[in-house]
4 protein chains.
Amino acid sequence: MIVILKPEASEALIKDITSQIEALGLQTHLSRGQFRTVIGVVGEEVKVDPEHLKAINGVEQVLPIMKPYKLASREFHKDDTVIEIKCPQGGSVKVGGVNCMAIAGPCAAEDEAMVHQLAKEVRAAGATVLRGGAYKPRTSPYSFQGHGEEALKWLRDAGHENNMPVITEVMDTRHVAVIERYTDIFQIGARNMQNFNLLFEVGKTRKPVVLKRGLAGSISEWLMSAEYVLSQGNREVILCERGIKTFEQSLRYTLDVSAVPVAKNLSHLPIIVDPSHAAGDRQYVPALARAGIAAGADGIMVECHDNPAKAMCDGPQALLPETFQKLMVELEGIAKILGRQFTKTPAAKNVPVSV
Amino acid sequence: MIVILKPEASEALIKDITSQIEALGLQTHLSRGQFRTVIGVVGEEVKVDPEHLKAINGVEQVLPIMKPYKLASREFHKDDTVIEIKCPQGGSVKVGGVNCMAIAGPCAAEDEAMVHQLAKEVRAAGATVLRGGAYKPRTSPYSFQGHGEEALKWLRDAGHENNMPVITEVMDTRHVAVIERYTDIFQIGARNMQNFNLLFEVGKTRKPVVLKRGLAGSISEWLMSAEYVLSQGNREVILCERGIKTFEQSLRYTLDVSAVPVAKNLSHLPIIVDPSHAAGDRQYVPALARAGIAAGADGIMVECHDNPAKAMCDGPQALLPETFQKLMVELEGIAKILGRQFTKTPAAKNVPVSV
Amino acid sequence: MIVILKPEASEALIKDITSQIEALGLQTHLSRGQFRTVIGVVGEEVKVDPEHLKAINGVEQVLPIMKPYKLASREFHKDDTVIEIKCPQGGSVKVGGVNCMAIAGPCAAEDEAMVHQLAKEVRAAGATVLRGGAYKPRTSPYSFQGHGEEALKWLRDAGHENNMPVITEVMDTRHVAVIERYTDIFQIGARNMQNFNLLFEVGKTRKPVVLKRGLAGSISEWLMSAEYVLSQGNREVILCERGIKTFEQSLRYTLDVSAVPVAKNLSHLPIIVDPSHAAGDRQYVPALARAGIAAGADGIMVECHDNPAKAMCDGPQALLPETFQKLMVELEGIAKILGRQFTKTPAAKNVPVSV
Amino acid sequence: MIVILKPEASEALIKDITSQIEALGLQTHLSRGQFRTVIGVVGEEVKVDPEHLKAINGVEQVLPIMKPYKLASREFHKDDTVIEIKCPQGGSVKVGGVNCMAIAGPCAAEDEAMVHQLAKEVRAAGATVLRGGAYKPRTSPYSFQGHGEEALKWLRDAGHENNMPVITEVMDTRHVAVIERYTDIFQIGARNMQNFNLLFEVGKTRKPVVLKRGLAGSISEWLMSAEYVLSQGNREVILCERGIKTFEQSLRYTLDVSAVPVAKNLSHLPIIVDPSHAAGDRQYVPALARAGIAAGADGIMVECHDNPAKAMCDGPQALLPETFQKLMVELEGIAKILGRQFTKTPAAKNVPVSV
């Protein structure tokens with residue numbers, strides 16, 4: 001950490017700050033410039049709260065050198081984390097390293113039949129994991145809010161039938177237990193990236209967590225949110241870039257494709273992109289999905305629907321399964337150029353669901 | 001609602017869409033332009049989900065005419081809402097209409113003595129309501145997370161002693177009940193503006209809610225979040241602008257002072273500003289507080305501390321009580337120019353706390 | 001155009017507005033909703049200035065249906081524009097349609113030898129067009145501002161030697177003539193996207209113009225800037241996405257990769273991406289270049305340097321020629337998947353420069 | 001300047017960098033931390049280009065300690081700059097220090113009569129300086145572009161008649177001379193904040209320059225643009241905050257009111273706000289003007305019109321003169337609370353214009 005003092009900082013202040021820092025078992029390194037005095041802090045930065053130093057009169061700036069996250073940082077974990085997700089009937093799928101993963105399914109699990117139908121279709125088209133919403137975050141209190149536990153059962157059964165792991169969004173600390181019972185991966189939505197208690201709760205489980213980036217979340221804040229989960233002992237966090245808020249309003253959000261290589265440089269965690277929510281309009285989903293994989297993402301998450309105009313939510317962004325299939329061919333081609341490949345879901349064996 | 005079709009939209013599509021809309025008991029109005037056909041929808045828009053229409057091939061744009069919120073809208077509630085908050089020992093304080101309110105106190109309730117000390121000081125300086133954090137949302141999982149229920153007791157007692165209503169942040173649906181027991185106003189933080197389940201829960205209580213704007217929350221989304229609370233029967237929502245994320249990084253956030261008159265035009269709810277979190281640096285807090293009141297805000301919320309360099313959180317932005325006092329004099333002057341006045345907390349009578 | 005009136009709009013106002021519009025030879029279409037009256041305007045919208053209508057008391061909103069640009073719009077020009085750029089020694093290179101183009105070279109033309117050296121290297125690595133700065137826009141008045149006309153000569157000669165068309169940035173209306181004399185393509189930088197007089201001047205020439213998107217330029221404003229050039233009779237505009245300003249600051253700018261398919265949908269003009277200025281850091285340039293091509297861009301523009309640490313400007317973002325070569329292989333692979341190909345510069349024949 | 005090396009930085013690299021820096025006559029200060037080596041640079045930073053150091057492999061970050069601007073910086077010029085602007089018939093008006101200034105007039109100088117009429121009205125209402133556009137930057141090439149030199153004459157005459165200094169926008173280096181001939185203050189518009197050649201040209205004149213902040217201009221970049229003007233010997237720069245681009249789109253731009261105290265802290269130059277362009281809607285102009293003055297601005301610039309619905313540009317944001325008058329009363333009240341006052345234009349004496 002580097003502490004830059006104001007030009008008028010007195011000797012007494014310099015002494016006071018250095019002794020505060022040294023009292024924490026750290027060393028200080030004084031550098032008196034022509035215009036400013038600078039204090040370098042040597043040792044484990046994490047012991048000093050930069051806020052404390054910034055709050056002192058006479059301190060102009062405090063510049064951390066170390067990242068504020070540790071478990072999420074590539075600095076202490078050089079190799080890519082590869083996460084292995086168990087499939088309902090046996091076998092597993094991988095994400096990270098050379099492995100890419102395609103998550104697909106409806107925005108909301110609308111009824112039992114549609115979930116089963118779509119699961120079959122997206123699997124055939126190349127999806128690895130089945131998605132579907134049971135508890136839906138909706139901007140309006142008057143909109144459809146999801147079918148809750150019943151939808152979880154439909155998803156569990158459809159996932160089982162196709163031997164696909166299932167992912168669904170968790171929005172409330174009170175729902176963690178029920179969602180854990182039925183599904184294989186937790187999704188933390190963009191609006192909950194800094195719902196810290198929720199992060200702690202999924203961190204206490206031992207199921208992978210897809211952590212979406214918040215609409216105003218910097219990459220550093222996002223990795224701090226991953227750190228919340230990791231700090232509880234759950235090391236299976238998959239980052240998901242899904243668009244940020246900017247002045248450009250031609251699409252719903254701006255997919256920050258640079259976040260893919262930047263997050264990969266800072267962290268060892270896998271990162272996927274969600275082009276559906278970023279675009280909010282199906283005609284742009286394939287281009288954004290391709291951009292994500294070309295930038296080095298470890299997978300995509302897309303919404304599909306057989307009849308988007310009848311979808312209970314987010315119809316405008318849902319791909320038809322046939323468009324998704326065509327997209328998967330392009331994505332596999334791009335992945336191959338970069339030395340990657342999409343993992344396939346292992347075959348289903350007709351084993352019944354064990355409840 | 002206005003539905004704009006693509007140039008190539010067929011007669012069959014036009015017929016299909018109009019009959020879908022009319023089936024909902026609404027009227028349609030067809031306007032064939034030189035380049036586009038436009039369908040106007042007459043009646044209660046709320047019956048048609050714009051998403052459904054947007055998801056139809058051949059539809060270019062769907063433009064709602066009515067706001068998506070109702071209870072929060074000034075259209076159906078012309079007069080300013082004035083919220084009356086009961087004081088612990090009797091009497092009340094008002095916010096809205098001609099009444100301004102100053103909320104002040106420490107970022108976190110650090111210990112019993114400091115809470116009592118600061119409560120007395122901020123009251124003397126002109127604060128109406130006492131703030132203090134018991135459950136703290138922190139970017140890092142390794143930072144101090146608040147003293148929980150114990151801090152709630154300190155706040156309750158200090159509020160009682162000074163006859164000041166108390167506000168604290170609620171972050172988790174599981175904490176609503178305990179916070180309701182000890183305090184007078186719920187605060188929903190910026191990171192939880194779209195924590196919809198939490199909004200529903202505080203909406204079911206009958207205590208006022210200060211709803212902070214999210215860091216990426218548009219004014220319209222913010223009012224939709226207010227609608228979540230209002231829709232549950234709790235009509236006492238106070239909006240709070242506290243800065244948004246923009247490219248400008250010289251301060252922590254960008255206080256969107258325009259949000260004050262815009263929200264006041266769209267909604268009847270009171271709106272206050274929080275210059276402390278917007279600035280993140282105490283030297284800028286007074287200027288932003290004055291700007292907020294000059295723009296027509298119904299009050300401010302500021303953080304104070306007797307020794308900012310020792311504060312357990314957000315020290316850099318804490319005002320010394322004497323600076324806050326000086327600021328209150330300026331704010332009262334500005335309010336007067338605009339025909340407003342800051343409400344005063346009624347006198348404390350030495351009645352003991354009834355637990 | 002659709003004019004939405006305030007609920008309280010009187011009959012007199014309605015009459016006044018409709019007669020104003022009809023006086024312009026347009027038809028109006030009145031739709032009286034339950035809450036609002038809406039006036040539809042039928043005919044050539046361009047005749048009514050939405051600002052005039054918005055300025056009338058009683059008007060709530062004015063919604064244009066037609067795009068404000070015409071020559072740039074795909075609506076009136078369905079096919080992709082393919083621009084053919086003449087090479088100094090004969091032949092040409094194409095951009096648009098199935099053709100992709102790679103522009104490469106140094107940030108600034110630093111001296112004659114380096115320009116010739118780099119031109120040879122980037123051509124060998126697959127570049128189609130040579131770039132180099134002669135007049136440099138620099139944030140600081142104390143930074144190197146470019147070698148001016150002398151640099152233009154170096155570029156002209158190096159382009160000639162390798163039979164590569166040359167592009168350089170024009171920043172001042174007073175430089176249009178001299179730059180036109182030496183180079184083949186004008187570049188309008190991000191900071192000049194709305195330097196309207198400059199746009200008019202390059203619009204009066206008959207050389208292609210690469211128009212970079214401004215750091216705060218919406219896609220619609222960008223196309224309006226293209227319209228400035230097109231309106232003067234120069235139909236050869238190539239759009240260039242190079243990153244926008246957002247709250248995310250881990251890289252210099254945020255490459256808005258969605259702008260590629262969105263601009264392609266709205267306009268027939270070719271669009272390329274500039275990953276070098278977007279990233280500001282060479283380690284991220286390849287990922288962003290690949291993302292751009294995968295999203296459907298018609299080419300890239302990148303900065304190269306043989307010794308980035310000695311570069312006179314933007315060293316941190318310069319690729320080594322060997323990295324650029326490796327990147328071109330990946331880009332050609334991705335282009336092929338999408339049915340595209342990079343155009344090659346025709347062979348140089350050793351014809352001397354004709355001054 | 002502080003240079004942070006990557007963990008893997010070798011001794012050879014450290015030696016190489018330090019010797020490069022020392023060769024410039026500066027001292028280095030090595031600090032070997034547990035995880036990183038940090039090189040502190042002591043002396044005049046301006047001699048080392050941070051870009052050069054950042055471009056070296058093995059360098060992780062380069063943190064400047066000094067601001068990149070000098071003449072604009074408060075560090076080397078502690079007192080507020082007070083600019084005195086000469087009035088056409090004698091006397092002067094001041095801005096900066098305790099002096100506030102109100103600039104008002106039409107968006108565009110539409111015809112001779114309206115300019116004279118409005119000049120009289122805004123002066124009566126409290127305006128100090130007359131504004132009016134002769135060359136208009138318009139988003140569309142098909143919009144009215146201003147009456148050019150003829151409009152400059154109208155403005156000159158109306159300014160003379162009322163003894164008010166006149167300000168108009170300059171957009172093109174080729175117009176500097178003609179505008180200098182007729183008017184008293186140059187305005188650099190937001191879109192030209194980084195039109196560096198234009199900044200150099202107005203820097204060579206000896207007339208005050210109002211420099212608007214760009215729509216994506218950080219405060220630091222804005223001060224660098226001021227430095228361009230100052231570096232040419234023109235020390236009379238007045239900053240003008242007029243709104244930035246953010247995700248919030250309820251108004252045209254987001255007035256960054258924090259920029260007022262931040263720029264005042266970093267720089268000694270006066271700063272005014274332009275609430276008209278920020279809001280784009282007259283109903284919000286008074287609230288934003290008040291916020292600006294309350295935040296400490298040295299003045300405002302507003303657009304007025306007698307018949308906004310007939311205005312040739314920006315009608316929706318034009319105040320009626322009577323609204324402006326009412327606003328001035330409020331602003332004077334707020335200024336007084338802060339120990340400031342609005343300067344008044346000295347009386348006109350009926351001296352004829354000397355051409």
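Naming: A, B, ... by sequence-line order, numbering from 1 per chain.
When every heavy atom of Tyr142(D) is checked against every heavy atom of Leu71(C), the shortest pair comes out as OH-CD1, 3.7 Å. Glu51(D) approaches Gly315(C) most closely through the heavy-atom pair OE1-N, 4.5 Å. Closest non-hydrogen pair, Ala55(C) versus Arg282(D), comes out as O-NH2, 2.9 Å. Here the shortest heavy-atom pairing between Ala216(D) and Lys245(C) reads O-NZ, 2.9 Å. Nearest heavy-atom pair across His52(C) and Ala311(D) is NE2-O, 2.9 Å.
Contact of His175(C) with chain D is made through the side chain alone, with heavy-atom distances under 4.5 Å. Both the backbone and the side chain of Ser218(C) come within less than 4.5 Å of a heavy atom in chain D. With a 4.5 angstrom heavy-atom cutoff, Gln317(D) does not touch chain C via any of its atoms. With a threshold of 4.5 angstrom between heavy atoms, Gln145(C) approaches chain D through side-chain atoms but not through N, CA, C or O. Residue contact with chain C, scored on non-hydrogen atoms closer than 4.5 Å, is absent for Asn307(D).
By number of non-hydrogen pairs under 4.5 angstrom with chain D, the leading residue of Gly280(C), Ser140(C), Pro137(C) is Ser140(C). Counting heavy-atom pairs closer than 4.5 Å to chain C, the top residue among Gln20(D), Lys54(D), Arg174(D), Met312(D) is Arg174(D). When each of Gln283(D), His305(D), Glu227(D), Met171(D) is scored by its heavy-atom pairs under 4.5 Å with chain C, the top score falls to Glu227(D).
A salt bridge does not link Arg191(D) to Glu221(C): none of the charged nitrogens lies less than 4.0 Å from a carboxylate oxygen.
Take His147(D) and apply the ring-ring contact (aromatic ring centres under 6.0 Å, His included) test, not counting sequence neighbours, and it matches Phe144(D), Trp154(D).
The number of heavy-atom neighbours closer than 6.0 Å to NZ of Lys310(D), taken from other residues, nucleotides and ligands shown, is 12 or below.
Residues of residues 194-203 of chain C lying under 4.5 angstrom from chain D, judged on non-hydrogen atoms, are Gln194(C), Asn195(C), Phe196(C), Asn197(C), Phe200(C), Glu201(C) by number.
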